[in-house]
Number of protein chains: 2
Amino acid sequence: MTLAPRRPGTPRGRDAVRKGGRTRAAILVAAEKVFSEGGYRAASVASIAEAAGVSQQGLLYHFPSKEALLLNLLAERDRPADDADATGLAVLDELSSQFSSSMQAPELLRLLTIIVSEALAEDHPAHLYVRNRSADVHADLVERLGRGVADGQIRPDADLDIDVVLIRALINGLSVEWLFNQDFDAVAAFDRFLRLLRDGLQPPQ
Amino acid sequence: MTLAPRRPGTPRGRDAVRKGGRTRAAILVAAEKVFSEGGYRAASVASIAEAAGVSQQGLLYHFPSKEALLLNLLAERDRPADDADATGLAVLDELSSQFSSSMQAPELLRLLTIIVSEALAEDHPAHLYVRNRSADVHADLVERLGRGVADGQIRPDADLDIDVVLIRALINGLSVEWLFNQDFDAVAAFDRFLRLLRDGLQPPQ
DNA sequence: GTCTATATGTGGATAGAC
DNA sequence: GTCTATCCACATATAGAC
């Protein structure tokens, strides 16, 4: 629908194309779908191209390699929640609602969950990405929970590093379990854990 | 070293070969190693054969396909602990020591952990295996914990299905975390969780 | 920007000799 | 039981036309 002429390669100044154009967006949608089915290795560039409605080489014009496609996809979809700013025990409530939200986008959840385990291999294209992402999330949670120690909401002898590992491990493990078998209430299970943890964090009265 | 003649295909009656011969055993050892690195899909039959010291076709004489190799490996290595017979809250202590033991065999732990997520895909050769194995473990834990309800050790309103999901999800999640980064004490983290859970299971005094 | 054609590699599995 | 030789499907990526 663009009537004015435009030189190839020129960045276009309209909303619809602000992030790189229709085709590129369609490829990312297709990549999310196909990568989420069986991870990076099981997916082929051709199948993603087909799902996006372009040829394989049309795809490779926008992303120079399969690896670059995955990394761009992660950078674009795996955004940290920008409203994650609770501190102290309120972090636990925030985690509950974030977990609940993540299950409203099962395809993205499945993509991220599968990639984490697949990326255990050091030669996996997302190995460093997952490692850094985990470390960032960990440090952020420890820091924000830690502010609850300062104001006496959390007992001073709490080992927040261990508890944050528990939180992150459980989110990952429950996601796997839920992706395998959706007839249990993963949010209720997570909330059960958060109650147990809260009881363990509160100072003795 | 077998001096007596032996017809091909005849089952041999000696200890060293009770389970199928040296070559077969060497192939299973190699398969455990290679599959544990990056899962089923990333492994090639040729690389397993090379690690076992046979040709690819020598391997395929013993296992008719890559898929059969994985399934045989799982059937042979993923044995349930035969001394898992605790009941009530003692199940939690048993789980702690089982988890600790599993980390003494990091290669097997890595194999099993990676396969679980990889097998989320319905066309994965181990999909049904993992599904059934999880269900069996789940039912067994619920049953043995449940006997603690009968004798008043565990509060009668406990939701053991949810708590067993937490246990299994956490074991998987902590395994992933530990395989990524071995400089934290995964057993201490698991024990911390088990203490929280125990406090939540005990009847109000 | 998107395509056809193709280079190049690697995978799993079969046939048949020894 | 183990090997060599080979087949065939499929994968990623490049070259170049339009």
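Below, chain A is the first sequence line, B the second, and so on; all start at residue 1.
- Atom CD of B:E67 is separated from atom C1' of C:dG11 by 15 Å (rounded to the nearest Å).
- B:H62 has its NE2 atom 12 Å from the C1' atom of D:dC3, to the nearest Å.
- Between A:E37 and A:L111, the closest side-chain pair of non-hydrogen atoms is not below 4.5 Å.
- Of the candidate nucleotides C:dT14, C:dG12, D:dA15, C:dG12 has the atom lying nearest to any side-chain atom of B:V45.
- Of the N and O atoms on the side chains of A:S47 and A:S44, at least one donor lies less than 3.5 Å from an acceptor on the other residue.
- Protein atom OH of A:Y61 is 13 Å distant from nucleotide atom C1' of C:dC3, rounded to whole Å.
- Counting to the nearest Å, the P atom of D:dC10 and the CZ atom of B:R41 are 16 Å from each other.
- Contact annotation for A:A49: no contact, since no heavy-atom pair falls under 4.0 Å across all strands.
- B:A68 comes within 4.0 angstrom of nothing in the nucleic acid, heavy atoms only.
- Here the P atom of nucleotide D:dT14 and the CG atom of A:L60 are 8 Å apart, to the nearest Å.
- The distance between atom CD of B:E50 and atom P of C:dG11, rounded to the nearest whole Å, is 11 Å.
- Within the 3.5 Å criterion, the main-chain N or O of A:A52 finds no donor-acceptor partner in the side chain of A:K33.
- With D:dT2, C:dG12, C:dC3 as the choices, the nucleotide that has an atom nearest any side-chain atom of B:Q56 turns out to be C:dG12.
- In this structure, A:F180 has its ring center under 6.0 Å from that of B:H127.
- Closest to the A:S65 side chain, of the nucleotides D:dA13, D:dA11, C:dA13, is D:dA13.
- Nearest nucleotide to the A:T23 side chain, out of D:dT2, C:dT2, D:dT12: C:dT2.
- In the set D:dT14, C:dG12, D:dA5, C:dG12 carries the atom at the smallest distance from any side-chain atom of B:K66.
- Atom C1' of nucleotide D:dT14 and atom CD of A:Q57 are separated by 9 Å, given to the nearest angstrom.
- For B:I48 and C:dA13, the CD1 to C1' distance is 14 Å, given to the nearest whole Å.
- Between C:dT4, D:dT6, D:dT12, one nucleotide has an atom nearer to the side chain of A:S55 than all others, and that is C:dT4.
- Two residues are said to be in side-chain contact when any heavy atoms from C-beta on lie closer than 4.5 Å; A:D191 and A:F99 fail this criterion.
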